[in-house]
Amino acid sequence: MDIFMFILIGLLAMSQVVVSQDDEATLLAISRELSLPQWGFKNSSNYCSWPGIGCGLNNSRVERLNLSHQGLQGNVSVISQLTALKSLDLSYNNFHGIVPSEFGYLFELEFLDLSFNKFGSSVPKEWGRLKNLKSLNLSNNFLTGEIPDELEGLEQMHDLQLYMNKFIGFIPDWVGSLAKLRVFTAYENGFVGRIPQKLGSVSGLTVLNLHSNQLQGPIPKSIFVMGKLETLVLTQNRLTGDIPELIGKCKGLSSVRIGNNLLIGSIPKSVGNITGLTYFEADNNNLSGEIIPEFSQCANLTLLNLASNGLTGRIPPEFGRLTNLQEFIVSGNSLFGEIPTAILRLKNLNKLDLSSNRINGTIPEDICISSRLQYLLLSQNSIRGEIPREIGNCTKLLELQLGSNYLSGNIPLEISHIKNLQIAMNLSFNHLRGQLPSELGKLDKLVSLDVSNNQLSGSIPALIRGMISLIEVNLSNNQFSGPIPPFVPFQKSSNSSFSGNKGLCGEPLNSPCSNSIGSDLRTYHHSVSYRIVLTVIGSGLAVFVSVSIVVLVFMIRERQEKAAKNADISDDIIKNPPPILAGQVFVENLQQAIDFDAVVKATMKDENKLSSGTFSTVYKADMPSGMTLSVKRLKSVDQTIIQYQNKMIRELERLSRLFHDNLIRPIGYVIYEDVALLLHEYFPNGTLARYLHDSSKQLDYEPDWPTRLHIATGVAEGLAFLHHVAVIHLDISSGNVLLDSNSNALVGEVEISKLLDPSRGTASISAVAGSFGYIPPEYAYTMQVTAPGNVYSYGVIMLEILTTRLPVDEEFGEGMDLVKWVQSAAARGETPEQILDSRLSTVSFAWRKEMLAALKIALLCTDITPARRPKMKRVVELLKEVTEN
């Protein structure tokens, strides 16, 4: 028996050696096919130690293969020869074409991730053989067709993610029979029919996200049966029926998003049992009944959106307990009663939208007791009485909508205290009397002013010209009189903005002011006044010039002394750098190569400066190890992040794990005194702006349209990924796009959107966000950085690539930028071909055809209406079609 066992063990060992040789041969074949120079022969013959490979016990067989985030392309079917694989991750690469049916022979496979690639076929039926598969992620590809029924046998599946593809047909009923399914996401596809009625009934489903399909029928009660659901997103479908009462069983449910459907019935009171509820959105449905007071039991509730339904009754006073509530949106219902003062006392309330209801009573004096209120929307109600003077306490208000009510009395002077008012102030269709306060001129950020259809009288005050940001104005249908002040926004408005005021005259009305004796007398007094003023100015000017010369001499001398002193200080700092308060390198194999003191010293030398953008200055830093870094020093406007150091570190760590081939990710940071430095990889080829516009470098001497299209596509893919993970970029420009040695585009400044205001974690800022020439036109109205705004900025980059023109150039003429110059080509008698870079468009007919197709995409992106611009994901698809057509 002993001899027999010895022989058996020997045979098993020999078989392992043979199998090992087979796996090694397969890995070398994969290396050749996918160009993986890191695999092979120099450092080790033991393939189990190669990057991305994990072996089983005794290093016998390859069981784990991770090739994610490497920009790979090629034929991956050869991987199917690694028959012992349990985990295969090919996510975030450039694989395209048919999904390998050969993977169906990996019978041991438990984990398969092909997400964020460009696979464009249907799911192979052969995958139904993967009986051990627990997790399948095919998200963000171009997969088509229906889900094959052959996958019904995947009974071990607990994580199935199919989102952002082009799947059609029904969600198979067998998905509802997967007893171990925990996560099911299939949003942004073309699925129709019903949600499987057994879904979650035995599996303990935790995440269900099916938004943006064409699903019909009711919300299945089964998904709530086990009480495990944590996230439910079903927005933008055609779902009918009511909200199941069983929803209250899921006490850990944090997010409910069921808006933009056809749901009916009342909101179940069992919602009050969901102690973990944070977001509840059910807007744009046909819900009825009253707003249940049980919402007040959800202590973590941050957003409640019930807009555009058929809700009636009063707003429950119990909502005053929701201390975490930030947005309360119930517009477009039939609610009545007074404005609930209990909600006004919520210290975190940011948005209160009660518009388009039947709210009555008066505006409470403590309307602005919430110090964070930014949006107060009360229009189209039945509110009476006067606007309280305490409205001036709403110092953070961005938008004020009080139109279409029954308000009376004067416009309070205190309204001018709302210095942050930007988006709009609408007081139209009320019964307001008296004069327009001249103090409104202090609202220098306001974009839209509407006081039309009231009973305001008197002259329009000249001081209103202090509203330097004003773009839209409507003073029509009042009792104003006298001349319209010569104020540019007024002169550019249509006459309808001032019509219905019988006493008004001047431009833009076609009603010249009378040349009566009174008018002549006023003219005389003005003339005399101007002479007095000119005399005073003339006599004072000489004194001013003399004093200015003396001051200028002292200033020059002081500046010279200060510069010399600063030079001495700078030298001293470089020799003795300040102590590092905090620093970290996220990439493990770079930790020994980066010296924090060397980083700080590099940023103190002007010769190391590479560029200066809206939010940061970038330096080149050579490390003692021989490594070269790009170091971003945040400008003073961003140094509030020092106060939120822990949050900044968490954001940077998260972003460092955000892999994408077309994004620059932070590899570390350094903090000293009140300065924050962000560390990145150094790209010697510089920026796209340099590539396109720096003729002295002759970087684009040879015409190469395919390279430019490759760059444009790379930028689009990087931005599409950012938008997918809910990151809005603050400063998209060609100066923030870096190029590697293969002309691959990498979008930079990504982390600014998360670090700029860490206390709020928002992309809304008070300073101008973006670079001149790239800022979307709507930013002047909203002061909000949005995804459609990002699309516009990208469109400007596309036009740069196509025309090799700067975003702003004196050659365009006054008030003209690149977008307007391109859009006005027809008016100048130029064809689309004439605005393209002739060095490229004249090379071949094929290039010219592709450039014209790309020009159409750029024009779509720069549409003046944000809603008409395509999403970045769609832009990527359109760019890929350029070379296919």
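On a predicted model such as this, the values are computed, not experimentally measured, just so you know. Only heavy atoms go into these numbers, but all of them, side chains included; no hydrogens, no water, no symmetry mates.
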Visitor: One pair to check against side-chain contact (heavy atoms from CB on, under 4.5 Å): L398 and L421. What are the steps and the verdict?
Guide: CA-CA 4 Å; L398 299 175; L421 204 58; 5.8 Å; no
Visitor: Evaluate side chain to side chain donor-acceptor pair (under 3.5 Å) for N410 paired with R433, printing each intermediate quantity in order.
Guide: CA-CA 5 Å; N410 297 332; R433 297 177 176 273; over 6 Å; no
Visitor: Report yes or no: does D444 contribute a side-chain atom to a donor-acceptor pair with the main-chain N or O of M467 at less than 3.5 Å?
Guide: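 No, D444 side chain to M467 backbone: no donor-acceptor pair under 3.5 Å.
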Visitor: Any luck finding a side-chain donor-acceptor pair between N350 and E327 under 3.5 Å?
Guide: no
Visitor: List the steps, then state whether side-chain contact (heavy atoms from CB on, under 4.5 Å) holds for L304 with E281.
Guide: CA-CA 6 Å; L304 180 59; E281 292 180 327; over 6 Å; no
Visitor: Decide side chain to side chain donor-acceptor pair (under 3.5 Å) for E399 and Q401; before the verdict, give the C-alpha distance in whole Å, the side-chain angles of both, and the deciding distance to 0.1 Å.
Guide: CA-CA 7 Å; E399 183 175 8; Q401 297 282 354; 3.0 Å; yes
Visitor: Please, which pairs that meet ring pair (Phe, Tyr, Trp, His ring centres under 6.0 Å) have at least one residue in residues 249-282, sequence neighbours excluded?
Guide: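 Qualifying pairs: F280-F295.
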Visitor: Is it true that S356 and Q380 share a donor-acceptor pair across their side chains at a distance under 3.5 Å?
Guide: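 Checked: Q380/S356 side chains pair up, N/O donor to acceptor below 3.5 Å.
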Visitor: Which word best sums up how the rings of Y187 and Y163 line up, parallel for under 30°, tilted for 30 to 60°, or perpendicular for over 60°?
Guide: parallel
Visitor: Walk me through whether T240 and L263 qualify under side-chain contact (heavy atoms from CB on, under 4.5 Å).
Guide: CA-CA 5 Å; T240 54; L263 300 174; 5.8 Å; no
Visitor: Not counting sequence neighbours, which residues clear salt bridge (charged side-chain N to carboxylate O under 4.0 Å, His left out) with E439? List them please.
Guide: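 Expected list: none.
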Visitor: Report yes or no: does S222 contribute a side-chain atom to a donor-acceptor pair with the main-chain N or O of Q197 at less than 3.5 Å?
Guide: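 Such a contact is found between S222 side chain and Q197 backbone.
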Visitor: Run N357 and N381 through side chain to side chain donor-acceptor pair (under 3.5 Å) and show every step you take.
Guide: CA-CA 5 Å; N357 280 287; N381 279 291; 4.8 Å; no
Visitor: Checking N478 side chain against N454 main chain: does a donor-acceptor pair fall under 3.5 Å?
Guide: yes
Visitor: With distance as the sole test, does N237 use its side chain to make a donor-acceptor pair with the main-chain N or O of L215 at under 3.5 Å?
Guide: yes
Visitor: Kindly state each residue pair satisfying salt bridge (Lys or Arg N to Asp or Glu O under 4.0 Å) with at least one member in residues 297-309, sequence neighbours excluded.
Guide: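 Residue pairs passing salt bridge (Lys or Arg N to Asp or Glu O under 4.0 Å), neighbours aside: none found.
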Visitor: Begin with the C-alpha distance, continue with both residues' side-chain angles, and end with the deciding distance and a verdict on side-chain contact (heavy atoms from CB on, under 4.5 Å) for L262 and L239.
Guide: CA-CA 5 Å; L262 303 171; L239 300 175; over 6 Å; no
Visitor: Keeping the roles fixed (side chain from T362, backbone from G385), state whether a donor-acceptor pair exists under 3.5 Å.
Guide: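 Not a single qualifying donor-acceptor pair exists.
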